Participant: 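Structure below; questions to follow.
Throughout, residue positions are numbered sequentially from 1 according to the sequence presented. Just so it is clear, the model here is predicted, and its values are computed rather than measured.
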Amino acid sequence: MNEQNAKLKLLRSAPIPKALVSLGIPIMIGMLINALYNLADAYFVGGLGESPMGAISIVFPLGQVVVGLGLMFGNGAASYLSRLLGSGDKNTADTVASTALYSSILVGAILIIFTAVFLRPILILLGATETIMPYALIYGRIYILSCIFNVFNVTMNNIVASEGAAKITMCALLSGAIINIGLDPLFIYTFHMGVAGAAIATAISQFISTLVYLSYVLKKKSAFTFSIKAFAPTKEIFTEILKIGIPTLTFQLLTSLSIALINRASNGYGDAVIAGMGAVTRITSMGTLVVFGFLKGFQPIAGFSYGAKNFKRLRQSIKISILWSTVFCIFAGLLMIIFSAQIISQFANGNKEMLFIGQKSLRANGFSFFLFGFYTVYSSLFLALGKGTAGFILGACRQGICFIPVILLLPKILGINGILYAQPVADVLSVIVTVFMALDLHKKLSKEESSLNLTCCAR
């Protein structure tokens, strides 16, 4: 109980820099390591050739869709849970946590079975060429089935983050990542299992992360009580979960769609272009996951402060989060720009075309990454405050509303350069939208604060 009180105190009254570091840094480290094992797959599979490398790039969006279900229930519940803890409603919080967890597992299992049955036609839609298809089928059949563990992990990741238990998330992600990085070369090369070895290593690592979360729950260290009896899929609970969860799922689907559209646009230029763009996606995802991880610490602080009507604390958390995330994004972007050749060469296995494509794209993405922190703080903030519609619109910009028209039109105008520059152009457009939505949000928060102050004075 003392540990639970300490976590709630961190959300309620700890200095914002301390709270952000305590909540955000452990999750950020965990997600960074998680991104590293995605890179490890690409690095070790890259040694097998451009077609196997292209295969994991093709399958990657499928896993993101399945994981999106965990995000839908987990992130949707997390926003609601932080606000419930802020208002002191522990009983409802237990019901919401249980309902979100069991719902995600059930829906995830259904989608995984469907995907496994129709894997080949799905891979064709995602842009698999004849040379990539055999590897994509081998990797995909194992990887997709193992995603049931990841659905559980992602849901729990968000739920425990909402209670301020950042360290358990770091431990779960870190343990899985270390196992994956260690098993990849063993299964791929020592046991000569090729892409199947990469998929099996990933499956085992996800299972290890699941065991960490199960241990946390079974030892009753969580602020929430998970129980089948508490499972209550009522209209009220699902409305609160899904008004944030559906936008979150949509973001994940758009992420998968954007990767699929890049793969399809690259299809006519050969496996080396698909592999090169796949490497860039995984490299930039390291930066994006660090920001997302840090903002997992920001979201419960923002949601708790808003639920407690502590507007001063809310504003302070926004300012500091923007500053810190932007400093990181500029640093990471400069690394992508300056060391683009050295970074891409780790995945190209001497393929000059893949190196040229990847280097050019990574540089462009490095420049636009400068803006990513500002954009992500506000897309996270709207969801943390329970403003689902606005959060949906803003979150859908970067890889949906802005990206889809760009990737469909720009390659027709610029050819292969249109593929390389599509995401950076969409990034700039998304930040422009963010500025206008952020100004409107702050006006509404000021009015809400003024109204609260008048009510308190009247009493």
Side-chain angles (χ1 to χ4, degrees), residues 63-87 89-115 147-148 150-163 224-257 292 295-296 298-300 302-304 306-307 376 378-401 437 441:
Q64 297 305 294
V65 171
V66 177
V67 168
L69 290 173
L71 283 171
M72 179 175 74
F73 289 103
N75 203 39
S79 173
Y80 190 23
L81 288 169
S82 292
R83 285 177 278 129
L84 288 170
L85 291 176
S87 62
D89 192 350
K90 172 70 167 59
N91 290 333
T92 304
D94 287 343
T95 302
V96 171
S98 298
T99 302
L101 179 61
Y102 296 122
S103 296
S104 69
I105 295 171
L106 178 61
V107 177
I110 293 171
L111 180 61
I112 287 169
I113 292 170
F114 175 85
T115 304
C147 279
I148 191 62
N150 220 8
V151 171
F152 175 87
N153 295 340
V154 171
T155 306
M156 285 300 299
N157 179 322
N158 286 273
I159 290 175
V160 300
S162 72
E163 62 174 294
F224 309 113
T225 301
F226 295 89
S227 168
I228 292 290
K229 293 180 180 178
F231 178 73
T234 63
K235 181 180 179 181
E236 180 183 357
I237 289 176
F238 269 132
T239 298
E240 286 294 333
I241 291 175
L242 296 181
K243 76 176 183 180
I244 303 301
I246 288 177
T248 303
L249 173 62
T250 304
F251 308 156
Q252 196 72 4
L253 293 176
L254 288 173
T255 299
S256 298
L257 177 61
F292 286 140
L295 293 178
K296 284 293 180 185
F298 162 69
Q299 280 186 303
F304 193 99
Y306 186 66
T376 310
Y378 279 100
S379 62
S380 301
L381 177 62
F382 279 107
L383 298 180
L385 302 185
K387 300 181 184 298
T389 302
F392 171 79
I393 293 171
L394 184 56
C397 279
R398 183 174 180 264
Q399 294 186 302
I401 296 170
M437 293 187 68
L441 174 65

Participant: Applying side-chain contact (heavy atoms from CB on, under 4.5 Å) to Gln399 and Leu257, what does each step give before you reach the verdict?
Facilitator: CA-CA 8 Å; Gln399 294 186 302; Leu257 177 61; over 6 Å; no
Participant: Minimum heavy-atom separation for Gly108 and Ile148, please, with both atom names.
Facilitator: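 Heavy atoms of Gly108 and Ile148 come nearest at C-CD1, 4.2 Å.
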Participant: Is it the case that the side chain of Ser98 and the backbone of Ser227 share a donor-acceptor pair, with hydrogens and angles ignored and the cut-off at 3.5 Å?
Facilitator: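 Yes, the answer is positive, given that a donor and an acceptor are paired below the 3.5 Å cut-off.
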Participant: Can you find a heavy atom in the side chain of Met437 that is under 4.5 Å from one in the side chain of Ile393?
Facilitator: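 They are in side-chain contact.
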Participant: With side-chain contact (heavy atoms from CB on, under 4.5 Å) as the test, would you mind laying out the steps for Leu253 and Val65 before giving the verdict?
Facilitator: CA-CA 6 Å; Leu253 293 176; Val65 171; 3.6 Å; yes
Participant: Using every non-hydrogen atom in the two residues, find where Cys147 and Gly63 come nearest and quote the distance to one decimal.
Facilitator: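 Closest approach of Cys147 to Gly63: SG-CA, 4.1 Å.
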Participant: Please report the closest heavy-atom contact between Thr99 and Ala230, naming both atoms and the distance.
Facilitator: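 The answer is OG1-O, 3.7 Å.
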Participant: Please lay out, stage by stage, how Phe392 and Ile246 fare under the test side-chain contact (heavy atoms from CB on, under 4.5 Å).
Facilitator: CA-CA 8 Å; Phe392 171 79; Ile246 288 177; 5.5 Å; no
Participant: Say you draw a straight line from CG of Leu69 to CD1 of Ile105; how long is it, rounded to the nearest 0.5 Å?
Facilitator: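 Spacing of CG (Leu69) from CD1 (Ile105) equals 12.0 Å.
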Participant: For a side-chain contact (heavy atoms from CB on, under 4.5 Å) check, start with the C-alpha distance between Tyr80 and Thr92, then their side-chain angles and the critical distance, and finish with the verdict.
Facilitator: CA-CA 10 Å; Tyr80 190 23; Thr92 304; 4.0 Å; yes
Participant: Just so I know, are the side chains of Leu111 and Val151 near enough to count as touching, which here means a heavy-atom distance under 4.5 Å?
Facilitator: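 No, side chains not in contact.
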Participant: Nearest 0.5 Å, please: how far is CG in Leu295 from CG in Leu383?
Facilitator: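 Answer for the CG-CG pair, Leu383 versus Leu295, is 11.5 Å.
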Participant: Any side-chain to backbone donor/acceptor pair from Ser379 onto Leu394? Under 3.5 Å, distance only.
Facilitator: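 Flag not set: sc Ser379 to bb Leu394 has no pair under 3.5 Å.
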Participant: Rounded to the nearest 0.5 Å, what separates atom OH in Tyr102 from atom OG1 in Thr155?
Facilitator: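 It is 12.0 Å, given to the nearest 0.5 Å.
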Participant: Just how far is it from atom CD of Glu236 to atom OG1 of Thr95, taken to the nearest 0.5 Å?
Facilitator: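 The distance works out to 10.5 Å.
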Participant: I need the Leu101 CG to Phe226 CZ distance, nearest 0.5 Å.
Facilitator: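 Answer for the CG-CZ pair, Leu101 versus Phe226, is 6.0 Å.
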Participant: Locate the shortest heavy-atom distance separating Leu81 from Ala93; write the atom from each residue and the value.
Facilitator: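 For Leu81 and Ala93, the tightest heavy-atom pair comes out as CD2-O, 3.2 Å.
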Participant: To the nearest 0.5 angstrom, please state how far the CZ atom of Phe238 sits from the CZ atom of Phe73.
Facilitator: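 Atom-to-atom, Phe238:CZ and Phe73:CZ are 5.5 Å apart.
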Participant: Parallel, tilted or perpendicular: which one describes the rings of Phe382 and Tyr378, with boundaries at 30° and 60°?
Facilitator: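 Aromatic pair Phe382/Tyr378 classed tilted.
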Participant: Hey, does the side chain of Asp94 reach the backbone of Thr225 with a donor-acceptor pair shorter than 3.5 angstrom?
Facilitator: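 Present.
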